[in-house]
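Below: the structure, in structure tokens.
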Amino acid sequence: LHQQGRDTEALSELRTALQHDSATNVLSFEATLLQRNGDLVGAERSARAGVRLHPKDADAYGTLGYVFATAGRLDSAAYYYEAALQVDPYSLQAWINRGNVSLDTKDFVTARHYYEGALKIRPTYAQAIFYLGLCDYYKGNVAEAHARWQQVLKLDPSYTKAKQALEQLK
């Protein structure tokens, strides 16, 4: 339903599912749909319910971080991405998301720390390498950024953002 643009019906189906199963992924999906439809209060409520019901699930904290990040509440987003990392220090998405909050606030040193943390877990993680390239670029290290984005394309030739970034350097 969601893929067909029928979000209202999708929310109805999710609420029915929640009556029978309060799994984190259902609450996360509900929070995402509500956020996309401009109901930030409802999105936060659903995401907080996921954390409350599943306090050992990093994805639940990640969803709450996402809700805050998209609402521009970056301090709260950073807090919940950190909480996700406390629950699961191997969550690549939490490392990337926490780095992205720092990138958004132009704290490139902190952003780099989180992207490098992701690379300690998976040294060939193209997304982390791409974002390290952005840190390099914003710090004026264009040659380093160029090299990283080329590395990304060697790992994943379909990585569109790296292609676009390299094209902009021409």
Side-chain angles (χ1 to χ4, degrees), residues 1-5 7 10 24-38 40 43 47 50 57-170:
L1 295 174
H2 166 65
Q3 292 175 341
Q4 297 170 356
D7 285 351
T24 303
N25 59 349
V26 175
L27 288 164
S28 293
F29 190 57
E30 179 185 43
T32 302
L33 284 175
L34 290 167
Q35 178 273 330
R36 286 183 185 166
N37 285 293
L40 299 177
D57 188 334
D59 289 340
Y61 291 96
T63 298
L64 191 50
Y66 170 77
V67 168
F68 284 124
T70 57
R73 295 171 57 188
L74 299 181
D75 287 344
S76 295
Y79 175 84
Y80 285 104
Y81 291 141
E82 287 287 345
L85 288 170
Q86 291 298 314
V87 171
D88 180 5
Y90 297 98
S91 171
L92 291 171
Q93 198 57 55
W95 283 100
I96 294 297
N97 289 341
R98 180 58 185 89
N100 288 349
V101 169
S102 294
L103 191 65
D104 288 346
T105 60
K106 300 187 181 352
D107 181 355
F108 304 119
V109 172
T110 302
R112 178 178 294 281
H113 164 78
Y114 287 99
Y115 301 140
E116 288 172 346
L119 289 174
K120 287 179 185 172
I121 298 165
R122 186 184 302 162
T124 59
Y125 192 37
Q127 190 176 18
I129 297 167
F130 172 78
Y131 283 117
L132 278 172
L134 277 180
C135 290
D136 292 329
Y137 179 79
Y138 290 133
K139 294 286 281 183
N141 301 325
V142 176
E144 188 70 27
H146 186 270
R148 287 192 198 276
W149 294 332
Q150 285 182 322
Q151 181 185 4
V152 168
L153 290 178
K154 286 179 184 170
L155 294 168
D156 180 359
S158 67
Y159 203 106
T160 305
K161 287 182 181 180
K163 288 178 188 177
Q164 292 169 340
L166 286 169
E167 190 61 35
Q168 286 182 358
L169 290 181
K170 291 182 179 178

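Counting heavy atoms from C-beta outward, Leu132 and Leu119 have side chains that approach closer than 4.5 Å. Put simply, the side chain of Ile96 does not reach to within 4.5 Å of the side chain of Tyr114, judged on heavy atoms. Residues Tyr90 and Trp95 have side chains not in contact (no heavy-atom distance under 4.5 Å, counting atoms from C-beta outward). Using a 4.5 Å cut-off on side-chain heavy atoms (C-beta onward), Arg36 and Thr70 make no contact.
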ask   = Does the pair Arg148 and Glu144 meet the rule for a salt bridge (Lys or Arg N to Asp or Glu O under 4.0 Å), with working shown?
value = CA-CA 6 Å; Arg148 287 192 198 276; Glu144 188 70 27; 3.6 Å; yes
* To do: Go through the steps to decide whether Lys161 and Gln127 satisfy the test side-chain contact (heavy atoms from CB on, under 4.5 Å), and finish with yes or no.
  => CA-CA 9 Å; Lys161 287 182 181 180; Gln127 190 176 18; 5.9 Å; no
* Asked: Could you go step by step and tell me if Asn100 and Tyr131 meet the side-chain contact (heavy atoms from CB on, under 4.5 Å) rule?
  -> CA-CA 8 Å; Asn100 288 349; Tyr131 283 117; 3.7 Å; yes
task: Apply side-chain contact (heavy atoms from CB on, under 4.5 Å) to Lys170 and Glu167, showing your working.
output: CA-CA 6 Å; Lys170 291 182 179 178; Glu167 190 61 35; 3.5 Å; yes
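The local environment of OH in Tyr159 is crowded, with over 12 non-hydrogen atoms from other residues, nucleotides or ligands closer than 6.0 Å. Dense packing is recorded around NZ of Lys163, with more than 12 heavy atoms of other residues, nucleotides or ligands lying under 6.0 Å away.
To the nearest 0.5 Å, atom OH of residue Tyr81 and atom CG of residue Leu64 are 9.0 Å apart. From Asp75, atom CG reaches atom CZ of Phe68 across 11.0 Å, with rounding to the nearest 0.5 Å. Between Leu85 atom CG and Gln93 atom CD the span is 11.0 Å, to the nearest 0.5 Å. Distance check, rounded to the nearest 0.5 Å: CZ of Arg112 to CG of Leu103 gives 10.5 Å.
Of the N and O atoms on the side chains of Arg98 and Ser102, at least one donor lies less than 3.5 Å from an acceptor on the other residue. Using a 3.5 Å distance cut-off with no hydrogens or angles, the side chains of Asp156 and Tyr125 do not pair a donor with an acceptor. Counted by atom type alone, Ser91 and Asp88 present zero donor-acceptor pairs between their side chains at under 3.5 Å.
Nearest heavy atom pair, residue Pro89 against residue Ile121, reads O-CD1, 3.4 Å. Taking each heavy atom of Val87 and Ala58 in turn, the nearest pair found is CG1-N, 3.6 Å. A pairwise comparison of heavy atoms in Pro123 and Ile129 identifies O-CD1, 4.0 Å as the closest pair. In this structure, Asp136 and Ala145 approach most closely via the heavy-atom pair CB-N, 3.8 Å. Of all non-hydrogen atoms in Gly99 and Ala111, the two that sit nearest each other are O-CB, 3.5 Å. The two atoms that bring Ala31 and Thr63 nearest to each other are CB-CG2, 3.9 Å, heavy atoms only.
Classification of the Trp149-Tyr137 ring pair by plane angle, with boundaries at 30° and 60°, yields tilted. In this structure, Tyr80 and Tyr61 have parallel ring planes: the angle between them is below the 30° cut-off, well short of the 60° mark.
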